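The block underneath contains the structure these notes are about, expressed in structure tokens.
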Amino acid sequence: MFEALKPQPADKILSLMEAYRADPRDGKIDLGVGVYKNPQGVTPIMRAVKAAEQRIWEQQETKAYTGLAGDPAYGDAMIALVLADAVPRDQVAAVATPGGTGAVRQAFEMIQRANPQARIFVSDPTWPNHLSILKYLKIETVPYRYFDAETGGVDFNGMMADLDGLRAGDVVLLHGCCHNPTGANLTMPEWQAVVEKLNAVGATPMIDIAYQGFGDGLDADAAATRMVAASVPECLIAASCSKNFGIYRERTGLLMAVGQDRSRHGVTQGMLAFLNRQNFSFPPDHGARVVATILGDEALRADWAAELEEMRLNMLRLREQLAGELRTLSGSDRFGFLAQHRGMFSRLGTTPEKVEALRRDHGVYMVGDSRMNIAGLNADSVPILARAIIDAGV
Ligand code: PLP
């Protein structure tokens with residue numbers, strides 16, 4: 001049987017990690033894999049996470065199954081974190097999932113069951129796993145223009161023109177904040193224009209929010225998601241706790257289905273639980289319990305928010321430093337977009353050949369589409385990167 005299996009393409013980011021590890025050069029810079037790193041290059045366990053884990057270790061009396069939707073305290077806490085009071089709680093169906101990826105996957109499956117004809121509009125570019133899962137599920141995708149390589153910002157006119165192709169029943173996948181891989185984000189008036197278009201045609205938004213707290217702050221980063229949830233008849237929201245709680249390997253996510261028709265709430269909730277049951281039964285609990293413990297305790301929550309804010313400000317400082325160095329070296333403002341971008345990533349907007357030259361000649365490792373993980377830098381490596389970018393002729 002196994003001889004019939006075809007080899008799958010190697011994961012580009014994992015191959016990049018291996019090449020980085022094998023590179024003997026001092027001063028090499030890893031801007032590849034998407035995890036936050038502190039200035040010492042470490043992905044830390046947050047203080048509040050350690051404290052919550054200790055509390056759970058001391059107080060937890062059973063590891064019997066939870067429910068198919070996961071720990072209700074986790075669901076309630078995450079709905080409040082993402083949506084605040086944008087929509088009444090009884091309009092939100094939700095299930096815990098294995099990471100944000102699990103939420104994305106379950107959302108796609110839910111769309112497929114609700115409307116097998118639905119096409120999903122995706123930003124060009126988007127997180128590659130969106131495309132990979134959609135292809136795996138055989139869901140038709142339609143790309144919409146998003147990134148303007150000239151300005152480093154959003155090609156909003158192109159995006160809106162492409163969304164003119166929407167039909168009733170289609171879904172538009174949007175990144176709630178900190179767009180991956182570009183770092184370029186819609187303004188609030190642009191979000192509002194998108195919502196008006198979707199409502200006019202009868203299309204449904206699906207929001208993937210994986211970096212709340214990494215861009216402009218916990219509430220600012222959720223503002224667009226809250227506005228959308230409050231302004232449309234239905235939407236899907238996939239949230240991840242991997243980055244903002246630093247619990248990548250605990251696989252902690254939440255899928256929310258928001259619907260104004262309260263009479264459908266029970267059926268929607270039941271469908272989400274059913275999908276969990278079919279795919280993995282009960283969602284992982286440890287990370288979810290850590291998150292619920294932190295969000296439910298005033299002191300832990302304050303400490304978590306403060307540490308998250310330090311991480312956010314560290315990335316912002318690195319962005320400003322890099323844009324400043326490049327301004328000096330290039331004698332122009334053409335890299336100013338790096339300071340405007342938000343989140344962990346920025347797309348430099350250069351060719352695969354120059355990305356390769358940066359790796360070969362300067363030991364700078366970024367993804368082939370020129371996505372850089374800003375958190376892979378520190379105050380010492382920023383000038384080295386800036387010099388390499390100019391020397392490579394970007
Ligand atoms: N969505 C986007 C846009 C992401 O960048 C990521 C992680 O890289 C995820 C979802 C899911 O992350 P995880 O499954 O690790 O929670």
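Nothing fancy with the numbering, it's 1 onward along the sequence. What you are looking at is a predicted structure, and each value in this text was computed from that prediction instead of being measured. Counting starts at 1 for both ligands and their atoms, following the listed order.
Residues forming a salt bridge (charged side-chain N to carboxylate O under 4.0 Å, His left out) with Asp369 (at least two apart in sequence, or on another chain): Arg347.
Because its NZ or CZ atom is both nearer than 6.0 Å to the ring centre of Tyr20 and within 45° of the ring axis, Lys28 counts as a cation-pi partner of that residue.
Listed as neighbours of ligand 1 are Gly99, Gly100, Thr101, Trp127, Asn180, Asp208, Ala210, Tyr211, Ser240, Ser242, Lys243, Arg251, each bearing a heavy atom under 4.0 Å from the ligand.
From Ile79, atom CD1 reaches atom CG of Leu254 across 6.0 Å, with rounding to the nearest 0.5 Å. Note that OG of Ser123 and CG of Asp208 are 10.0 Å apart. Values are rounded to the nearest 0.5 Å.
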Please set out all donor-acceptor pairs under 3.5 angstrom arising from side-chain atoms of residues 374-381, sequence neighbours excluded.
unit_1: Asn378; atom_1: OD1; unit_2: Asp380; atom_2: N; d: 3.0
unit_1: Asn378; atom_1: OD1; unit_2: Ser381; atom_2: N; d: 2.9
unit_1: Asn378; atom_1: OD1; unit_2: Ser381; atom_2: OG; d: 3.3
unit_1: Asn378; atom_1: ND2; unit_2: Pro39; atom_2: O; d: 3.1
unit_1: Ser381; atom_1: OG; unit_2: Asn378; atom_2: N; d: 2.9
unit_1: Ser381; atom_1: OG; unit_2: Asn378; atom_2: O; d: 3.3

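In the hydrophobic clustering, where aliphatic and aromatic side chains (Ile, Leu, Val, Met, Phe, Trp, Tyr) are joined below 4.5 Å either directly or transitively, Leu68 groups with Tyr65, Phe282.
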